[in-house]
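Input: a single structure, listed below in structure tokens.
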Amino acid sequence: MSLAAYCVICWRRIGTSTPPPKSFTYWRQIRNIIKFTGSLILGGSLFLTYEVLALKKSLTLDTQVVEREKMKSYIYLHPGPLDKRENHDTFSTVDIEDHECAMWLLLKKSKADERTARLEAVQEMSETHHWHDYQYRIIAQACDARTLIGLARSKESDLRFFLPPPPLPSLKEDSSIEEELRQLLASLPQTELDECIQYFTSLALSESSQSLAAQKGGLWCFGGNGLPYAESFGEVPSATVEMFCLEAIVKHSEIPTHCDKIEASGGLQLLQRLYQLHRDCPKVQRNIMRIIGNMALNEHLFSTIVHSGWVSIMAEALKSPHIMKSSHAARTLANLDRETVQERYQDGVYVLHPQYRTSQPIKADVLFIHGLMGAAFKTWRQQDSERILIEKALEDEDRYTTCWPKTWLARDCPALRIISVEYDTALSDWRAGCPAERKTIAFRSNELLLKLRAAGVGDRPMIWISHSMGGLLVKKMLLEASQKPEMSPIISNTRGIIFYSVPHHGSHLAEYSVNIRYLLFPSLEVKELSKDSPALKTLQDDFLEFAKDKSFQVLSFVETQPTYIGSMIKLHVVPVESADLGIGELIPVDVNHLNICKPKKKEAFLYQRTLQFIRETLAKDLEK
């Protein structure tokens, strides 16, 4: 307003003043115009500046106020030992918003004294998907280890419940992961070890020494212990050494006192670094998860495993579409979950269903035992897997599955606990990975029997399903169990056995080979499968005598087509006469030895007859 008034006065003065000389008047008018224009510009600039600052002030958000309001929802724990904090009630009166009360009540309920209340709280948390990010962080920061493990084993849990693993310590100066892994292995006890552990340890340490020398400019040759590089791996020596070290540490982790040493030496953090580095290498990740799963058998290490971030890693792995990864994670988390799991799953024993916590009552067990050169997962895949793209397999498990017991059978019989067992085998001693692994059927059966009993096998009605040499192990395990009072539940609860091409009377496999090295150095497993094997004949006779007064059902399948072994040899591995146990039904199927346990599709005869046998044999038990 003052600026406008000033402008009006100036114009009036110009209009009413006495006319001066013409030239003077001209320059005076120009000066007045300049004054007026300058005043207008200056005043306008000041006015606009004022308005902009006022507007900015009115729109500025006080972030400190927002943070103060948000921080009302966080809890603060006094520093102290982790194991003491976990069981201490850390809740106090806090200022929280009404819409967050449910979250805090669930958190409080998860620490209740009653087990049922704790389980309900974890289930309700896992089924909640409408919270904000910071609310998931609150749960992740405030919950105890028991709740965190429960959330990891809940199928619907949001991965935001799990904090990222803590930062890993820096590597030592002038050191590498390979060298630290070697130092970890060298720090473990080296005396009074099983022959197999000694073999893997010495091999890994010797190979790592050669690799380190090569990295520092030394020569690397194919002689001596360097030969496995050329035979087994196409990778750089450092990756090879990591595999050797991991295989050795897997064996050490089966010994509880060695697990303590691995933890004390920073092994959990080193293995985590290696796991993250080799995200695209399933073999490395598999061995690392085996080690963590073995360490999880030791309850006093639970707190360390949880706080090192491994539960977050396993929670993510459990949701993986790849069966190897999810099954190893399921084993580790089940061993950590003392709230709902009483069984202990040792190395080589994998639960295919249920892998999560479930309200479905489990009424019976089905056990899968693979044969020579088989594995816990690949033996039970669908036929013709090489012809179907993995992407399509992941899209539709009804069309194709990498493990039909986990997908088809689990859906058709959800009240079953489905377990698959894995053990090492070899066709030849030429490249046997571990001398002590050349074990007799008697030794292996006793070893597996102890592992299965620790997993609670025998506590429920059960059916054994086996392929090839796996059927011989089943027969031997039942005979062993019948001689031991502590194993008697396994005998009394065995309801049936399915044999897929099991050579009860021997196989021609030992008489042939893929090439000359197999012919010259057949493994102990292959020798025991020969038709003139005394151990095989004794096993058959003893089992028939044992089965006379038992009420379990038997169903046998046998191949009718030969199998290509290598690129040149075509062999009928198990002829019909050898697959005939002498009791139960024997069904010839028009497939080869490898595909006898791999149905082409869910509607195929092999799967449907197997499903029918399971349902009929367990009918009374599943109705209870």
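Given the structure is predicted, the values throughout are model-derived calculations rather than measurements.
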(request) Please work out whether the ring planes of Phe557 and Tyr500 are parallel, tilted or perpendicular, with thresholds of 30° and 60°. (result) parallel

Keeping [X] on the side-chain end and [Y] on the backbone end, is there a donor-acceptor pair under 3.5 Å?
X      : Y      : answer
Lys570 : Tyr564 : no
Gln355 : Val351 : yes
Ser578 : His505 : yes
Tyr345 : Gly293 : no
Ser468 : Gly470 : no
Asn493 : Gly458 : yes
Thr560 : Val589 : yes
Lys406 : Ser327 : no
Arg344 : Leu297 : yes

Below 4.5 Å, heavy atoms only, C-beta onward: do [X] and [Y] meet side chain to side chain?
X      : Y      : value
His467 : His593 : yes
Ile491 : Lys550 : yes
Ile255 : Ile197 : yes
Ile419 : Val366 : no
Ile418 : Leu409 : yes
Arg182 : Leu205 : yes
Asn592 : Pro562 : no
Ile497 : Phe499 : yes

(message) Looking only at the side chains, is there a donor atom on one of Ser420 and His370 sitting less than 3.5 Å from an acceptor on the other?
(response) no

Please find the pair of heavy atoms, one from [X] and one from [Y], that lie closest to each other, and give the distance.
X      : Y      : answer
Tyr199 : Ser202 : O-OG, 3.0 Å
Leu472 : Pro503 : CD2-O, 3.9 Å
His328 : Arg290 : CE1-CG, 3.5 Å
Ser320 : Ser326 : O-CB, 3.7 Å
Leu473 : Ser445 : CD2-N, 3.9 Å
Glu559 : His572 : O-NE2, 3.3 Å

(request) From the options Arg609, Gln608, Glu603, select the one residue that forms a side chain to side chain contact (heavy atoms under 4.5 Å, CB included) with Phe605. (result)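 For Phe605, the side chain to side chain contact (heavy atoms under 4.5 Å, CB included) check succeeds only for Arg609.
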
(message) Checking side chain to side chain donor-acceptor pair (under 3.5 Å) between Asn294 and each of His258, Arg331, Gln346, which is the one that passes?
(response) Arg331

Do NZ/NE/NH1/NH2 and the carboxylate oxygens of [X] and [Y] come within less than 4.0 Å?
X      : Y      : value
Arg460 : Asp365 : yes
Glu422 : Arg286 : yes
Lys476 : Asp542 : no

(request) Tell me, with the steps shown, if Asp424 and Arg444 meet salt bridge (charged side-chain N to carboxylate O under 4.0 Å, His left out). (result) CA-CA 10 Å; Asp424 295 327; Arg444 289 186 185 280; over 6 Å; no

(request) Kindly determine whether Lys451 and Asp347 satisfy salt bridge (charged side-chain N to carboxylate O under 4.0 Å, His left out), including the steps that lead there. (result) CA-CA 8 Å; Lys451 289 185 176 183; Asp347 190 30; 5.3 Å; no

(message) Tell me whether Lys251 forms a cation-pi arrangement with Phe200, defined as NZ or CZ under 6.0 Å from the six-membered ring centre and within 45 degrees of its axis.
(response) no

